[in-house]
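For reference, the structure is listed below as structure tokens.
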There are 2 protein chains.
Amino acid sequence: MTDTLVSSDRKEVVIGFDRPFCVIGERINPTGRKLLMEEMKNGDFSRVEADAVAQVQAGAHMLDVNAGIPLADEPAILAETIKLVQSLVDVPLSIDSSIVAALESGLSVYKGKALVNSVTAEEERLEMVLPLVKKYGAAVVAISNDETGISEDPDVRFAVAKKIVERAADFGIPASDIVVDPLVMPVGAVNKAGASVFRLIRRLHDELKVNTTCGASNISFGLPNRHGMNAAFLSMAIGAGMTSAIMNPLHDEEMTGIRGADVMMGHDPDCMRWIRKYREPSAVDAGGEASRRDREGRRRRRA
Amino acid sequence: MTDTLVSSDRKEVVIGFDRPFCVIGERINPTGRKLLMEEMKNGDFSRVEADAVAQVQAGAHMLDVNAGIPLADEPAILAETIKLVQSLVDVPLSIDSSIVAALESGLSVYKGKALVNSVTAEEERLEMVLPLVKKYGAAVVAISNDETGISEDPDVRFAVAKKIVERAADFGIPASDIVVDPLVMPVGAVNKAGASVFRLIRRLHDELKVNTTCGASNISFGLPNRHGMNAAFLSMAIGAGMTSAIMNPLHDEEMTGIRGADVMMGHDPDCMRWIRKYREPSAVDAGGEASRRDREGRRRRRA
């Protein structure tokens, strides 16, 4: 029954065992987005603004904000981005950096209780990040790797996550403020990645009783029909007990997989959110087929 | 590690814990298909032929064959339909009737080891169907309800399934020849239907160690976007240990959910089936988006 509360100055969101799945929008991140990187470096935040609004409109409950730009003043840019995003949307943010000074800079301007993304079990990271999390009363994503890297053995990764939870307790941070990322490997490279991460998620849920998150699209890296695979992964991960993911909320297939899983878990009372989202007068009986046929028919007639 | 082997005269199929999910095509069934019912009654089997071929082409591993036509000679029509279908496709069949004489008539003409659909825990059904299953060396779908109806309590349904397995053993039918249908209720009517059937599937898998099947589309009865919900349900049910379903294989969303779940379970070595199915030169990186945009672009340009 673990609840992790995060907030902005206007809104609280709870990541929890008996809650709808928490979608953390991943788009505000210049990694691999050359254009966004150039713009952010040059003080142009128009794309950040558009991404913030679009992701919340698409159903993101939180947004991840990353300003990882090589050779730039990341602490300053991250703080500026956070202030901007908080002025535009009311959802809580995940403050995402591998640079501790940037995390602190972001936390210092953030209004509400943030999610810090992230700490690993590496000794140096634990000693630097956990005091910050405590100082600002934040929650934190705990990634289950340490100095030895990422183990393929889910039991080792469980032990690593447990170590972070224990060390956090030493700093006065409760387990309910830790969201474990069990690390999703690409199933195209590691064939057992799906099955083994589900086992790990279940143990984290049942034994360590912590909330969980992941970079969901990792699972399909290098494979065709990534959205179809991500959707199956997300539904199954929710079935195994995963409670949030850092992902792109603009993709319908993934969001449908999540909304369906929320219904299956009993986290969408009377299916009201599902019905509100998908009800169309002509599509109630045919799962959208009727209206799709209508649109295609009209398109053909126009052609 | 339970394997349920079924066969035609030309092909063996194994429903099993460590196997790809078994899709049993549901289309050859006049229930609710008025036109098909009229045609079958009048000896016109053209639609049966088309349905048989289309379902196998779409990826069905088995076909369910039902000839439930009120006031017609169901035993004769079922036997005729089975002979026809076996002449057209090589997949094993599930012989589906609530009339014991029709089951026997179907079994008597069937070539191979059929799946009998179905027996319940009602005393009369057990006494009539199980001897037939034994006589013809078939496998059987066991539906977890009895004289008292369908319990909403998954523990009661587990006990009912267990009773059928035990009674079958008395007739010399091994548990590996029993595929339990835990009964999927519409989640629009019973909000906990998803969560409770997953728990039941997991118990049937872990404790009773039997294969499982279900009428998958029941879950979304009465709700919009049925295909999206069915897909989420199927992925999650496979994650919980379900090994087959009686369903419509002509719907892409459901089939993608199943193929994705097979990958996640490690039942698609090196993702070869996934890659073969979805690889398009222009779609490898974008999950089909690129090619979809291409097609739509062409359509607009033509218009």
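What you see below is based on every heavy atom in this structure, not just the backbone, and it leaves out hydrogens, waters and symmetry mates. Numbers restart at 1 for each chain; the letters A, B, ... are given by sequence-line order, proteins then strands.
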Exercise. So which part of Asp268(A) gets closer than 4.5 Å to some heavy atom of chain B, the side chain, the backbone, both or neither?
Worked result: backbone

For this session: Any chance you could lay out the side-chain hydrogen bond (donor to acceptor under 3.5 Å, both in side chains) test for Ser235(B) and Ser235(A), step after step, and finish with the verdict?
Result: CA-CA 7 Å; Ser235(B) 295; Ser235(A) 296; 5.1 Å; no

Problem set entry | Asn230(B) portion near chain A, given a 4.5 angstrom heavy-atom threshold | neither

Exercise. At a heavy-atom separation under 4.5 Å, does Ala231(A) approach chain B through its side chain, its backbone, both, or neither?
Worked result: neither

Exercise. Above 12 or not: heavy atoms from other molecules or residues under 6.0 Å from CZ of Phe17(A)?
Worked result: yes

Problem set entry | Closest contact, heavy atoms only, Ala240(B) versus Ile201(B) | O-CG2, 3.6 Å

Seminar exercise, completed: Okay, Leu234(B) and chain A: the region with an atom under 4.5 Å from a heavy atom over there is neither

For this session: Take atom CD of Glu152(A) as the centre, draw a 6.0 Å sphere, and report whether it contains more than 12 heavy atoms from other residues, nucleotides or ligands.
Result: no

For this session: Report the residue from Asp262(A), Thr243(A), Asp3(A) that forms a side chain to side chain contact (heavy atoms under 4.5 Å, CB included) with Arg19(A).
Result: Asp3(A)

Problem set entry | Residue selection (most heavy-atom pairs with chain A, distance under 4.5 Å) from Gly260(B), Pro269(B), Ser220(B) | Pro269(B)

Problem set entry | Test item: side-chain donor near acceptor, Asp153(B) and Ser151(B), under 3.5 Å | no

Problem set entry | Ile219(A), part contacting chain B, at a heavy-atom distance under 4.5 Å | side chain

Problem set entry | Under 4.5 Å from any heavy atom of chain A - which part of Arg202(B) | side chain

